[in-house]
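Encoded as structure tokens, the structure appears first; notes follow it.
Each chain gets a letter, A, B and so on, in the order the sequences are listed, and its residues count up from 1. Because the structure is predicted, anything quoted here is derived from the model rather than measured.
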Protein chains: 2
Amino acid sequence: MQLSERKIKIMQAIIRNYLETGEPVGSRTISKYTDLNLSSATIRNEMSDLEEMGYILQPHTSAGRIPSDKGYRLYVDTMMEEKDKELEELKEMMLEREDKMDHLLKQVAKLLAVNTNYATMISAPTIHTNKLKFIQLSRVDVNQLLAVVVVEGNVIKNNIIPVSEKLDDETLLKLNILLNTNLNGLALEEINLSMITAMKQQAGIHSAIVADVIDAIAESIRADEDLEIYTSGANNIFKYPELADQQKASEIINTFEEKQMLTELVQDTLADENNTGIQVYIGNETPIQTMKDCSVVTATYELGEGMRGTIGIIGPKRMDYDKVVGTLKTITHQLDELYKKKT
Amino acid sequence: MQLSERKIKIMQAIIRNYLETGEPVGSRTISKYTDLNLSSATIRNEMSDLEEMGYILQPHTSAGRIPSDKGYRLYVDTMMEEKDKELEELKEMMLEREDKMDHLLKQVAKLLAVNTNYATMISAPTIHTNKLKFIQLSRVDVNQLLAVVVVEGNVIKNNIIPVSEKLDDETLLKLNILLNTNLNGLALEEINLSMITAMKQQAGIHSAIVADVIDAIAESIRADEDLEIYTSGANNIFKYPELADQQKASEIINTFEEKQMLTELVQDTLADENNTGIQVYIGNETPIQTMKDCSVVTATYELGEGMRGTIGIIGPKRMDYDKVVGTLKTITHQLDELYKKKT
DNA sequence: TGTTAGCACTCGATTGATTAGAGTGCTAAC
DNA sequence: GTTAGCACTCTAATCAATCGAGTGCTAACA
């Protein structure tokens, strides 16, 4: 069966109405709601077709219809009219001088949560494609070195390295020069074995230290590959009865707290290369099992080249997709702007 | 009226039983439960007294009794028999080399949550009484300096300082020496104006930078006074029906997520100088309004001198106080040990 | 041929009444 | 001072009755 123009209009009406009320919507409601001027009986026939086609379903025999995952999918793919959401506060908040990346991200997460009434998450941008900008070894203690690594974008990593041998200032200086001249401007992937070997040779008797340092650098950068995720508004899920029962709520809250599972979502979003930047997971489409009763909308944001992170909004399936997509577009755009301005 | 020996025993029995079951406990239960060999009627009389004295209350006329806040307080103050909780995993986990303080704290929070089945929080130790161990300025970019500050206990702070004037390597070295010789070993409070003035003089034409750096140091350390708090197991509250209804759960979850409000708890705990290290807040005693239906047990842990943080366990009023207190004692002790071993 | 009015039917949700059971308070007896 | 006994209270569970929203189907209409 084909989806006639009229069926589409009815689907749209059903979904719109259901998004608002959260109640199954009946034929009579649609009959009045739309400008189609059809009686409830006609609508019933059409709805019966739509149900057969899998776009809507009945919770029980004598209830109205609610959209199925397939129905939502249809809506998101073809029927959405993006509302552009003004985020007045956003600019102000972002422009507050926030040199600390993590603070900024936390704020964005919170802002989004307050603004949308859904739960939100944001992952710190992954930096592994980025270039080393500065390396410094310092002696902090008799047997401890401090390695500071700055990556493009001013992301700073520290690592304490225990050393057994004593190093005098001069050696330290040499090592610093050695490291910086050799590694500066390189991306992590570009550091290969032959380079390391070469550096070890140059370091002479201190080759052990060089190895340690390289390890530390690698580790301190990789440390973030169990990546930093900030969340906010988890308690918003209590606003939607269909998610608020103990079982589900507990699972979702847990997912949010553990964050571990959210990384999958991030990976999945970042992995999809050929996307416009926004992805919508409806119900079972989500990579996170515990969220199969939710919908998740994710966006990829980009800070300069190579630094990409993910913003996600998690809500009920009857989420206001139009608004959420609009908001996410605005936010990612703003983040982009912000970065350009800073550099 | 006085609390007779027998009344105390009955109170104890009531609380113990209620902690286990969460159900109001009746006279007949007590009559069998205790070794007093009294009939339910006698117990009833005693319970009637206890109710009049405010230690227990009846949810409704024909229900058993439950402890009031005052009753719990009595229990905690005088009737508890600490069970020493073996935390086998704890040692292993702690001994995993965890140089990253924040990772360690997160793990402790999680471990506690899993172990107790309550929600937990842990605040990073405040460091403002601690001594500067190492300061380093480096040029990261033409117009950006990186200030790295290491405080005793190997807490590392970074700060990017924008500079207008150009600095050559030699000047930078001089500044580093100046800063380190002057500030090393000092606590933040000990840095006073005259010292700063003296340093500025020595810095000559670069006095502006010195001021900036000092500011940055102060700020980078103070930055943490909106203190870092890690939480875990928030979803455990769903295990206790008396906390699991939407309204309460939502509030508690929110408190946990925002963390802002938890700082009050931390402040309150740390403020109490003359305590043994463990505090119990029952119901309304808690400084956090949203937790008035919970009990909160907090402990102060100390890493060396001056670095103190707070661990908190949040659960229903019928929390297993004995176990929780025992566990907290173990944990704080372990943290102490760990620190000693590391330094 | 598509649309509509009408009607019987279904099924969840609400309401009210009844019952069972746990626990108390009180009194009288031990 | 303790206990047995009994009336009383209140909650929770159960069940039936009812309501109403919404459907599916049929027959009539344009």
Side-chain angles (χ1 to χ4, degrees), chain A residues 1-11 13-15 17-18 20-68 71 241-242 244-245, chain B residues 1-11 13-15 17-18 20-68 71 241-242 244-245:
Chain A
M1 200 183 314
Q2 261 292 45
L3 264 181
S4 68
E5 188 67 26
R6 197 168 71 178
K7 281 196 174 58
I8 290 183
K9 276 199 175 169
I10 292 175
M11 267 308 288
I14 292 173
I15 292 184
N17 197 289
Y18 185 66
E20 267 179 45
T21 64
E23 296 289 311
V25 13
S27 55
R28 226 181 93 81
T29 315
I30 299 296
S31 148
K32 284 187 295 186
Y33 191 102
T34 60
D35 49 357
L36 291 169
N37 280 331
L38 293 173
S39 78
S40 62
T42 313
I43 303 289
R44 276 202 289 283
N45 289 330
E46 295 287 51
M47 281 165 91
S48 171
D49 291 351
L50 286 169
E51 181 163 10
E52 204 180 323
M53 294 161 82
Y55 290 112
I56 52 180
L57 34 89
Q58 263 182 306
H60 56 87
T61 323
S62 68
R65 307 303 216 286
I66 62 175
S68 67
E242 62 266 48
D245 76 278
Chain B
M1 201 184 315
Q2 261 294 47
L3 265 181
S4 69
E5 187 67 25
R6 197 170 69 179
K7 280 194 173 60
I8 289 182
K9 275 198 173 166
I10 293 175
M11 266 307 289
I14 292 174
I15 292 183
N17 197 288
Y18 185 66
E20 267 179 41
T21 64
E23 296 290 310
V25 14
S27 53
R28 225 179 95 80
T29 315
I30 300 296
S31 149
K32 286 186 293 184
Y33 192 101
T34 60
D35 48 357
L36 290 170
N37 279 333
L38 293 174
S39 79
S40 64
T42 312
I43 304 288
R44 276 204 288 284
N45 289 329
E46 295 287 50
M47 280 167 90
S48 171
D49 289 351
L50 285 170
E51 180 163 12
E52 204 180 322
M53 294 160 81
Y55 289 111
I56 51 180
L57 34 88
Q58 264 183 306
H60 58 86
T61 324
S62 69
R65 307 301 217 285
I66 62 176
S68 66
E242 62 267 48
D245 76 277

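- Taking only side-chain nitrogens and oxygens, B:Arg65 comes nearer than 4.0 Å to OP1 or OP2 of C:dT24.
- Separating the CZ atom in B:Arg44 from the CZ atom in B:Arg28 is a distance of 10.0 Å, to the nearest 0.5 Å.
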Query raised in the report: Reading nucleotides 4-21 of chain D 5' to 3', which nucleotides get B (base under 4.0 Å from a protein heavy atom), which S (sugar-phosphate only), which -?
Result: BB---BBS---------B
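- Nucleotide C:dT4 holds its P atom 11 Å from the CD atom of A:Glu46, rounded to whole Å.
- Side-chain contact check for B:Leu3 versus B:Leu50: some heavy-atom pair is nearer than 4.5 Å.
- A:Glu20 pairs by the side chain to side chain contact (heavy atoms under 4.5 Å, CB included) definition with A:Tyr33, not counting sequence neighbours.
- In this structure, CD of A:Gln58 is placed 11 Å from P of D:dG22, rounded to the nearest angstrom.
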Requested in this report: For DNA chain C, produce a single dot-bracket line, 5' to 3'. Pairs: Watson-Crick or G-U wobble, both distances under 3.5 Å. Symbols: ( ) within strand, [ ] crossing, | other strand, . unpaired.
Outcome: ||||||||||||||||||||||||||||||
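- Without hydrogens or angle criteria, B:Ser31 side chain to B:Ser39 main chain gives no donor-acceptor distance under 3.5 Å.
- Side chain of B:Thr34 to main chain of B:Ile30: a donor-acceptor pair is present (N/O by atom type, distance under 3.5 Å, no hydrogens or angles).
- Interatomic distance, CZ of A:Arg6 versus CG of A:Leu38, reported as 5.0 Å (0.5 Å rounding).
- For the pair A:Ile10/A:Leu36, a side-chain contact is recorded, criterion being any heavy-atom separation below 4.5 Å from C-beta on.
- Rounded to an integer number of Å, the gap from B:Asn45 CG to C:dC26 C1' is 9 Å.
- Taken residue by residue, residues 25-37 of chain A places heavy atoms nearer than 4.0 Å to DNA chain D at A:Gly26, A:Ser27.
- Every residue two or more places apart in sequence or in another chain that forms a side chain to side chain contact (heavy atoms under 4.5 Å, CB included) with B:Asp49 is listed here: B:Met1, B:Lys7, B:Glu46.
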List the atom pairs, donor and acceptor, that lie under 3.5 Å between side-chain atoms in residues 59-68 of chain A and the rest of the protein, sequence neighbours left out.
{"unit_1": "A:Arg65", "atom_1": "NE", "unit_2": "A:Glu51", "atom_2": "OE1", "d": "2.8"}
{"unit_1": "A:Arg65", "atom_1": "NH2", "unit_2": "A:Glu51", "atom_2": "OE1", "d": "2.8"}
{"unit_1": "A:Ser68", "atom_1": "OG", "unit_2": "A:Gly54", "atom_2": "O", "d": "2.7"}
{"unit_1": "A:Ser68", "atom_1": "OG", "unit_2": "A:Tyr55", "atom_2": "O", "d": "3.1"}
{"unit_1": "A:Ser68", "atom_1": "OG", "unit_2": "A:Lys70", "atom_2": "N", "d": "3.2"}
{"unit_1": "A:Ser68", "atom_1": "OG", "unit_2": "A:Gly71", "atom_2": "N", "d": "3.1"}

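- Rounded to a whole Å, the CG atom of A:Asp49 is 10 Å from the P atom of D:dG24.
- Residues B:Val25 and B:Met47 approach most closely at O-CE, 3.6 Å, considering heavy atoms.
- The CE-C1' distance, from A:Met47 to D:dG22, rounds to 9 Å in whole Å.
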